[in-house]
Amino acid sequence: MSRHVAIVTDSTAYLPAPAMERHGITAVPLTVVLGDQALEEGTEISSRSLAAALQKRRPVTTSRPSPETFARAYRAKAEAGASAIVSLHLSSEFSGTYDAAVLAAKDAPVPVRVVDTGMVAMALGFCALAAAEVAEAGGSLDEAVAAAEKRAEGTSAYFYVDTLDFLRRGGRIGAAQALLGSALAVKPLLTLEDGRIGPLERVRTASRAIARLEEIAAERAGTAPVDIAVHHLAAPDRAAVLADRLRDRVIGLADLHVSEVGAVIGAHTGPGLLAVVVSSR
């Protein structure tokens, strides 16, 4: 049995299934509570079902995985031959997922380094891929963690939402609270700052907001090698157009991923979300 550093993340990384399989990455699922039903993200509730529930204004909340769920994932990795584990998770400002992983790591059968990336969605996913690539090349636990942290430092996320109401209801609005007073008059562009959601710009129309999202992402990418992810919720046409424009515009583009966010992030952003993650290689 080969000894190696294994990678664990959570379901909000929204990594493509082929990439997870290729790198042996495990994603521990968060939970969406829809009415009186607790459903695992990725297996028991789809993005489409979540969007439909939100449009009908059904009550939706989310919850972290239990420490025991993480403990099972860590035991499985150790039994499969892992000598150590890097466990990479969404910002602790959004969820108690990091705290649950830390609790489970204390009793894991192999050393586990739990990292609060301060990221979410493919901003987190790119960190997991960076750690996996180093581990596969024979890197140590410390080297895999360093690769993930470096990737997080070089990653930016920008997003547009049709309304701030879902973020407000979920308590995830952060510094973007300042936009609420004029929310009816603007289409907000937001960003991640220090693991929190912050305001970026106020734009008058949805079309202008999406055009600015493209401009901001292209400026951030510059000419250096970058990976980009375009996310959406119930807005596939918008996402496809934005991805095509970035593909034509970004000179140093390496990989480009287009995907719908899962139910956990969707519950806090609402239908119409459009996001761009730019990650320096």
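Using a 4.5 Å cut-off on side-chain heavy atoms (C-beta onward), Leu213 and Leu274 make contact. The shortest side-chain heavy-atom distance between Ile7 and Ile85 does not fall under the 4.5 Å cut-off. In this structure, Leu273 and Val261 have side chains that are in contact, with non-hydrogen atoms separated by less than 4.5 Å. Taking 4.5 Å as the limit, every side-chain heavy atom of Lys77 sits out of range of all side-chain heavy atoms of Ser83. Between Ile265 and Tyr14 the shortest side-chain heavy-atom distance falls below 4.5 Å. Contact of the Val230 side chain with the His257 side chain is not registered, since no non-hydrogen atoms from C-beta on lie closer than 4.5 Å. Inter-residue side-chain proximity for Val264 and Thr31 is flagged as unmet; no heavy-atom pair is nearer than 4.5 Å. Looking at heavy atoms from C-beta onward, Pro65 lies in side-chain contact with Leu30 at the 4.5 angstrom threshold.
Hydrophobic clustering, with ILVMFWY side chains joined whenever heavy atoms are under 4.5 angstrom apart, keeps Val120 apart from Val114. Val86 and Val112 end up in different hydrophobic clusters when Ile, Leu, Val, Met, Phe, Trp and Tyr side chains are linked at under 4.5 Å. By the rule that hydrophobic residues join a cluster once side-chain heavy atoms approach within less than 4.5 Å of another member, Val102 and Leu90 end up as members of separate clusters. Transitive grouping of hydrophobic side chains (ILVMFWY, heavy atoms separated by less than 4.5 Å) keeps Val115 and Phe70 in distinct clusters. Note on Leu233: it does not cluster hydrophobically with Val33, by side-chain heavy-atom contacts below 4.5 Å among ILVMFWY residues.
At a threshold of 4.0 Å, the pair Asp255-Arg281 counts as salt-bridged, since one of the basic side-chain nitrogens sits closer than that to a carboxylate oxygen. Ionic pairing of Asp99 and Arg64 is not present here: no N-O contact between side-chain nitrogen and carboxylate oxygen is shorter than 4.0 angstrom. A salt bridge is defined here as a Lys NZ or Arg NE, NH1 or NH2 lying under 4.0 Å from an Asp or Glu carboxylate O, and Arg212 with Glu215 meets this definition. Using a cutoff of 4.0 Å between basic side-chain nitrogens and carboxylate oxygens, Asp227 and Arg151 are scored as salt-bridged. By the 4.0 Å N-to-carboxylate-O rule, Arg238 lies close enough to Asp162 to be salt-bridged with it.
If you take CG on Asp237 and CG on Leu242, they are separated by 12.5 Å, rounding to the nearest 0.5 Å. Here the CD atom belonging to Glu193 is positioned 5.5 Å from the OG1 atom belonging to Thr191, to the nearest 0.5 angstrom. Taken to the nearest 0.5 Å, the CD atom of Glu201 stands 16.0 Å off from the NZ atom of Lys187. Interatomic distance, Leu34 CG to Thr61 OG1, rounded to the nearest 0.5 Å: 9.0 Å. Remark: Lys150 NZ to Cys127 SG distance equals 12.5 Å, nearest 0.5 Å.
Remark: the Ser259 side chain and the His231 side chain contain an N/O donor-acceptor pair separated by less than 3.5 Å. With hydrogens and angles left out, the side-chain atoms of His268 and Thr62 include a donor and acceptor closer than 3.5 Å.
Closest non-hydrogen pair, Ala218 versus Leu246, comes out as N-CD2, 4.3 Å. When all heavy atoms are compared, the tightest approach of Ala229 to Met122 is CB-CB, 3.5 Å. Here the shortest heavy-atom pairing between Val250 and Ala221 reads CG1-CB, 3.7 Å. Taking both residues in full, the closest heavy atoms of Gly118 and Leu192 are given as O-CD1, 4.1 Å, listed atom of the first, atom of the second, then distance. Between Leu15 and Gly125, the shortest heavy-atom distance links the atoms CD2-O, 3.5 Å. Residues Ile25 and Ala128 share a closest heavy-atom pair of CD1-O, 4.1 Å.
At most 12 heavy atoms of other shown residues, nucleotides or ligands fall within 6.0 angstrom of atom CZ in Arg245. No more than 12 heavy atoms of other residues, nucleotides or ligands lie within 6.0 Å of CG in Asp194, so this atom counts as exposed by the packing criterion.
The backbone N or O of His89 lies less than 3.5 Å from a partner atom in the side chain of Thr117, making a donor-acceptor pair. In this structure a side-chain-to-backbone donor-acceptor pair under 3.5 Å is missing from Glu93 to Arg196. No donor-acceptor pair closer than 3.5 Å links the side chain of Glu143 to the backbone N or O of Ala135. Put simply, the side chain of Ser91 never gets that close to the backbone of Met119: no donor and acceptor are under 3.5 Å apart.
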Between Leu253 and Arg247, is a side chain to side chain contact (heavy atoms under 4.5 Å, CB included) present by the stated rule, with each step listed?
CA-CA 7 Å; Leu253 181 62; Arg247 193 177 285 111; 4.1 Å; yes
For a side chain to side chain contact (heavy atoms under 4.5 Å, CB included) check, start with the C-alpha distance between Leu189 and Tyr158, then their side-chain angles and the critical distance, and finish with the verdict.
CA-CA 7 Å; Leu189 290 178; Tyr158 312 102; over 6 Å; no
Verdict with supporting geometry, Thr12 and Asp10, side chain to side chain donor-acceptor pair (under 3.5 Å)
CA-CA 6 Å; Thr12 69; Asp10 60 68; 2.5 Å; yes
Going through the distances and angles, do Asp116 and Ser92 end up as a side chain to side chain donor-acceptor pair (under 3.5 Å)?
CA-CA 6 Å; Asp116 176 1; Ser92 59; 2.6 Å; yes
Does the side chain to side chain contact (heavy atoms under 4.5 Å, CB included) test come out yes or no for Ser87 and Tyr74, once each step is laid out?
CA-CA 9 Å; Ser87 197; Tyr74 298 155; 2.7 Å; yes
Side chain to side chain donor-acceptor pair (under 3.5 Å) between Glu136 and His23, worked out
CA-CA 8 Å; Glu136 287 162 10; His23 297 289; 2.7 Å; yes
Determine, stepwise, if the pair His232 / Tyr160 fulfils ring pair (Phe, Tyr, Trp, His ring centres under 6.0 Å).
CA-CA 9 Å; His232 71 93; Tyr160 159 82; over 10 Å; no
Let me see the working for Val161 and Phe159 under side chain to side chain contact (heavy atoms under 4.5 Å, CB included), right down to the final yes or no.
CA-CA 7 Å; Val161 291; Phe159 57 108; 4.1 Å; yes
